Peer 1: 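This is the structure I have questions about; it appears just below.
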Amino acid sequence: MSPIPKITVTLPDGAQMSVNTGTTAAEVAKSISDGLFKNSLAANVNGQLVDLYIPITADSKVEVITYKSPEAHDILLHSTSHVMAQAVKQLFPTAKVTIGPAIENRFYYDFDVEPPFTDEDLDKIEKRMQEIIAADIPVRREEYTRDELQKKFAAMGETYKVEIIESIADNEVLSVYTQGDFTDLCRGPHIPSTGKIKAFKLLNTAGAYWRGDSRNKMLTRIYGTAFPSEKELRKYLNFLEEAKRRDHRKIGKSLELFEINEQVGPGLVIWYPRGAMLLQIIKDYWIREHLERGYELVQTPHIGKSNLWETSGHLGFYREFMFDSMKIEGDEYFIKPMNCPFHIQVYKSKTRSYRDLPIKYAELGTVYRYELSGVLHGLMRVRGFTQDDAHIICTPEQLNEEIIKLVQFSFDYIRKFGFNEFEVFVATKPKDKYVGEPAKWEEATAALRYALDEINVEYALDEGGGAFYGPKIDIKIKDALNRSWQCTTIQFDFNLSERFKMEYIASDNEKHQPYMIHRAIMGSLERFVGVLIENTLGDFPVWLAPVQAAVIPISENQNEVAKQFHNRLIEKSIRTEFNSKNDTIGAKIREAELMKIPYMFIIGEREAQDCTVSIRRRKSGQKGVYDWEKAIAIIAAEIEKQ
RNA sequence: GCCACCAUAGCUCAGCUGGUAGAGCGGCUGAUUUGUAAUCAGCGGGUCGCGGGUUCGAUCCCUGCUGGUGGCUCCA
């Protein structure tokens, strides 16, 4: 009998081991230490994630994946989704399994089941999962040919799996994972046994179309999460709680900023005085920043005749998002979903010379888009919203510089609101709905990428995510909970300038077609305010706070004097509120704290006599007693800081 | 739009298996005249989202609608 051939295994620290061929990563882990073996979930063999029990048959670099490895979480989540599917199949044998991947911090599994699961079902499933985990059932991989698998899953009645197998490329290895009575088509890798799952929770059910296509059957999805320890699970659940606490809909109500009312219509925002003030402050700032950068303000109607939208291509490519038309004196009018055709009209009002370019038209234009009722969400997704819109019309030579300026402008602008982390995407040509030659798309996309490269901005590609009229740069901002929100969009457009026959006279005295860029920095003011609320909990910096100060007399005896001070603040354009209620000082302060008013100016008997005020800063408390002018200077200085 | 869940006073919510509703906060009135996150007392306030049905009787059961919430191409 010939001796078993040896192979060399190289560990991450460079150490090498000579082992029998066919040794598994599990055995390697065990030979290093029992502790490592106990914590091992999978292995990375030559850069490839594999199961712990796959035999290694050649010299390899081997890294044992433990709970602490960055790759571990996805594997754990994915394996937990299999345990869930196993529990579901045991409890509901007629349910058909479909797909069940890991997503960020969570997993889901979609089932075709009648009737759909309820919350009580989730408890039952969770209990059964605990039993499966307690039984520590081994999870093993097997590979099969396409035919074998088709038959296998067809025999099991798992028609969705059969369909999936059909859609997998010929050259891929087909594998299944089996744990006890449950077998699932899966690429893996998976944990070696169900007992490796230490902490999990099922979160909620949801409907989801098979393959995400609304023409397909609606499946029942269960979301869940899993972590290496109870502690980490709790931390994640706390994060979800914190997100709830920051919900802009809740804060918007308690701070009296806005409402969305059934009587008015879904997705339509009613701004209360405080919310409208907040919006106005943002708008004022926005206008200042644009005028400083050479933009010109324009203002355009809310509706326009159908031929305008015909020419722009909106009726061809964007109709599904537009509200139905209205007939006026025999003509058909549409409510604008975008401002661009109007801005083009302004451009075309006279002959333009290359010396005039770039021309930059800016407008806080309110647009209306028909969004499906199911996707509406507070201020984040509405049907009527104000875009901080601008159109830059320039020569081809100017394009690069203009894009760079725009990206930098966006970063600078958004940083002012306390956001410092960005994700940048370049979105390319959509698969079906697009206008223009593919070659032009290529060229324009390259121009966007070139500009970003030039200023060293890292970005990811969003394939097929472009607008119908051109590729775009999208900037997402990260909030305090590390969630990202789409705000800035910089869209190249070679479609409209052609459709509307825009032109300028170049230095060669010939007519040329200009380039056009659409862009919005905040995107939608509504959404931006929503993000701002969630990021700050409604505790706005003083320059943004709709009410910057509360003037609070200690007793009614100081009402007269306090009112005078209040008037001084108003004269200085400080947004202030006078609390003359017959409440104790404690109650009046509490009220101001809850309404997140940053400054409180308190006047008692002593202050009334000396013409001073006691300053109290929200959250941090008393700041001392100052004469009126000094007190006003203090708050004014903080407002100035922006 | 589709699936599930939800809808009670201005707000937050309670109301067991059907017998026409309650609390706290806010509001109003009065007392108190307050020194840095809730003074006390009293009083109002609801066709229980809307429309049908079952029932002697519906906030509760059934059904239609409206609105809200969580989701709906992150490949086995």
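This one's a predicted model, so the numbers in the text were calculated from it and none came from an experiment. Note on naming: letters A, B, ... go to the chains in the order of the sequence lines (proteins, then strands), and numbering restarts at 1 for each one.
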Peer 1: Below 4.0 angstrom from OP1 or OP2 of B/G70, is there any side-chain N or O of A/H377?
Peer 2: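 So the side chain of A/H377 is within the cut-off, an N or O lying under 4.0 Å from OP1 or OP2 of B/G70.
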Peer 1: Regarding A/V375, tell me which of base, sugar-phosphate or nothing describes its non-hydrogen contacts under 4.0 Å with the strands shown.
Peer 2: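 Base contact.
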Peer 1: Less than 4.0 angstrom from a charged side-chain N to a carboxylate O is my criterion; do A/E241 and A/R245 meet it?
Peer 2: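 No.
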Peer 1: So, applying side-chain contact (heavy atoms from CB on, under 4.5 Å) with A/K623, which one of A/M600, A/R616, A/R617 is it?
Peer 2: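 One option only clears the test, and that one is A/R617.
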Peer 1: Report the nucleotide, chosen from B/G71, B/C3, B/G35, that has the shortest atom-to-atom distance to any side-chain atom of A/P116.
Peer 2: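 The answer is B/C3, which lies nearest to the side chain.
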Peer 1: For B/A38 and B/U17, measure between their C1' atoms and round to the nearest Å.
Peer 2: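 Taking atom C1' in both B/A38 and B/U17, they lie 40 Å apart.
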Peer 1: Salt-bridge test for A/E166 and A/R146: reply yes if a basic N is under 4.0 Å from a carboxylate O, no otherwise.
Peer 2: no
Peer 1: Describe the nucleic acid contact of A/K581 in one word from base, sugar-phosphate, nothing, applying a heavy-atom distance below 4.0 Å.
Peer 2: sugar-phosphate
Peer 1: For nucleotides B/C16 and B/C60, find the distance between their P atoms and express it as a whole number of Å.
Peer 2: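 Those two atoms are separated by 12 Å.
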Peer 1: Counting only side-chain heavy atoms from C-beta out, which of B/G35, B/A37, B/C75 sits nearest to A/R590?
Peer 2: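 Selected nucleotide (nearest to the side chain): B/A37.
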Peer 1: Report yes if at least one side-chain N or O of A/S373 is closer than 4.0 Å to OP1 or OP2 of B/G1; otherwise report no.
Peer 2: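 Yes, within the criterion.
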Peer 1: Say we look at B/A37 and B/U73: how far apart would their P atoms be, to the nearest angstrom?
Peer 2: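 Going atom to atom, P in each nucleotide, I get 49 Å.
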Peer 1: Expressed in angstrom and rounded to an integer, what is the separation of A/L203 atom CG from B/G70 atom C1'?
Peer 2: 11 Å
Peer 1: Using a strict 4.0 Å threshold on nitrogen-to-oxygen distance, state whether A/K619 and A/D539 make a salt bridge.
Peer 2: yes
Peer 1: Classify the side chain of A/E607 versus the base of B/G35 as yes if they form a donor-acceptor pair under 3.5 Å and no if they do not.
Peer 2: yes
Peer 1: Give one of base, sugar-phosphate or nothing for A/R616, where a contact means two heavy atoms less than 4.0 Å apart.
Peer 2: base
Peer 1: Report which part of the nucleic acid A/E605 touches: base, sugar-phosphate, or nothing (heavy-atom distance under 4.0 Å, all strands).
Peer 2: base
Peer 1: Which of these nucleotides, B/U33, B/G71, B/U69, is closest to any side-chain atom of A/A206?
Peer 2: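 So the side chain of A/A206 is nearest to B/G71.
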Peer 1: May I ask you to verify if any side-chain N or O of A/K619 is less than 4.0 angstrom from the OP1 or OP2 atom of B/A37?
Peer 2: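 Result: no.
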Peer 1: Would you mind telling me which residue lines up with the more 5' stretch of RNA chain B, A/S214 or A/G604, judged by nearest nucleotide?
Peer 2: A/S214
Peer 1: Choose from B/G35, B/G71, B/C11 the nucleotide whose nearest atom is closest to any side-chain atom of A/K253.
Peer 2: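 Among B/G35, B/G71, B/C11, the one nearest the side chain of A/K253 is B/C11.
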Peer 1: Which of these nucleotides, B/G35, B/G70, B/A38, is closest to any side-chain atom of A/T584?
Peer 2: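 Closest nucleotide among those given: B/A38.
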Peer 1: For B/G1, what is the paired nucleotide under Watson-Crick or G-U wobble rules, both distances under 3.5 Å?
Peer 2: B/C72
Peer 1: Does a side-chain N or O from A/R249 land closer than 4.0 Å to OP1 or OP2 of B/G68, or not?
Peer 2: no
Peer 1: According to a strict under-4.0 Å criterion, is A/S555 in side-chain N/O contact with OP1 or OP2 of B/U34?
Peer 2: no
Peer 1: Would you mind pulling out the nucleotide paired to B/C28, Watson-Crick or G-U wobble, both distances under 3.5 Å?
Peer 2: B/G42
Peer 1: Side-chain N or O of A/Y209 versus OP1/OP2 of B/G1: is the shortest distance under 4.0 Å?
Peer 2: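 No.
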Peer 1: Tell me whether A/K581 is salt-bridged to A/E591, with the criterion being a basic N under 4.0 Å from an acidic carboxylate O.
Peer 2: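 A/E591 and A/K581: salt-bridged.
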Peer 1: Ignoring backbone atoms, establish whether A/K588 has a side-chain N or O less than 4.0 Å from OP1 or OP2 of B/U34.
Peer 2: no
Peer 1: With both distances under 3.5 Å as the test, what is the Watson-Crick or G-U wobble partner of B/C13?
Peer 2: B/G22
Peer 1: Taking the C1' atom in each of B/A23 and B/A9, what is the distance between them to the nearest angstrom?
Peer 2: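 It comes out at 11 Å once rounded to the nearest Å.
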Peer 1: B/G70, OP1 or OP2 - any side-chain N/O from A/Y108 closer than 4.0 Å?
Peer 2: no
Peer 1: Given B/G70, B/C75, B/U36, identify the nucleotide with an atom nearest to the side chain of A/I103.
Peer 2: B/C75
Peer 1: Identify which nucleotide among B/C75, B/G71, B/G35 has an atom closest to any side-chain atom of A/S614, counting heavy atoms from C-beta outward.
Peer 2: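 Of B/C75, B/G71, B/G35, B/G35 is nearest to the side chain of A/S614.
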Peer 1: Distance check, P atoms only: B/G67 and B/C28, in whole angstrom units.
Peer 2: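 It comes out at 34 Å once rounded to the nearest Å.
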Peer 1: Would A/Q179 and A/Q86 satisfy side-chain hydrogen bond (donor to acceptor under 3.5 Å, both in side chains), going step by step from the backbone distance to the final call?
Peer 2: CA-CA 8 Å; A/Q179 53 200 59; A/Q86 181 176 15; 2.8 Å; yes
Peer 1: Quantified in whole Å, what is the C1' atom distance between nucleotide B/U8 and nucleotide B/A58?
Peer 2: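 Rounded to whole Å, the distance is 14 Å.
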Peer 1: Report the distance from atom CD of A/E577 to atom CD1 of A/I552, rounding to the nearest 0.5 Å.
Peer 2: 9.0 Å
